[in-house]
Peer 1: 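One structure, as structure tokens, below. Some questions next.
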Amino acid sequence: MGDGQALLAALLRHEAKSNTYKFALVRALNDLALEYPLEAEGEVAVPLRRVAERWLVFYWGFVGERPVYQGPRARRDGEERQDVSFRPALTRLREAWEGLPYTRPDPAGGALLLAAYRAGRE
């Protein structure tokens, strides 16, 4: 097993399973690996934009009007913190998308947004 595979396996076995954003990242990386199959020797460049796009698809259902928070939420300076710092921005994106006339509130909305983005729809 390669170093990357061993690290990923250790994270999945031993890391606390309390935050879905981690699994969204693993699923995004897996999708990219399946989308671009190759026999790689050594290091491989992974475009972060593609990782972010796929991550958005998998995490879409956890933000929005009725957010799903994962794991314990930290309190710092007497304020409850977000599980991911950009949750408010992602929530605004989902609300803007669902406000368009041809969309509906749906966990698959992230995939539809990505498809519209890639097709160049405004």
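All figures in this text were calculated on a predicted structure; none of them were measured in a lab.
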Peer 1: So, do Leu114 and Leu56 sit near enough that their side-chain heavy atoms are less than 4.5 Å apart?
Peer 2: no
Peer 1: Is any side-chain heavy atom of Val57 less than 4.5 Å from a side-chain heavy atom of Arg54?
Peer 2: yes
Peer 1: Please check this pair: side chain of Arg94 against backbone of Val63, looking for a donor-acceptor N/O pair closer than 3.5 Å.
Peer 2: yes
Peer 1: Which heavy atom in Gly109 sits nearest to a heavy atom in Trp97, and how many Å separate them?
Peer 2: O-NE1, 3.7 Å
Peer 1: Please list, chain by chain and in numerical order, all residues satisfying side-chain contact (heavy atoms from CB on, under 4.5 Å) with Arg27, sequence neighbours excluded.
Peer 2: Phe58
Peer 1: Testing the basics here: between Pro107 and Trp60, what is the closest heavy-atom pair and its distance to 0.1 Å?
Peer 2: O-CD1, 3.5 Å
Peer 1: Can you check whether Asp106 reaches Leu112 side chain to side chain, under 4.5 Å on heavy atoms?
Peer 2: no
Peer 1: Please answer: with hydrophobic residues joined when any side-chain heavy atoms are less than 4.5 Å apart, are Leu34 and Leu29 in the same cluster?
Peer 2: no
Peer 1: Could you tell me whether Arg118 atom CZ has more than 12 heavy atoms of other residues or ligands within 6.0 Å of it?
Peer 2: yes
Peer 1: Do Leu93 and Phe86 sit in the same hydrophobic cluster, where Ile, Leu, Val, Met, Phe, Trp and Tyr count as joined when their side-chain heavy atoms come under 4.5 Å apart?
Peer 2: yes
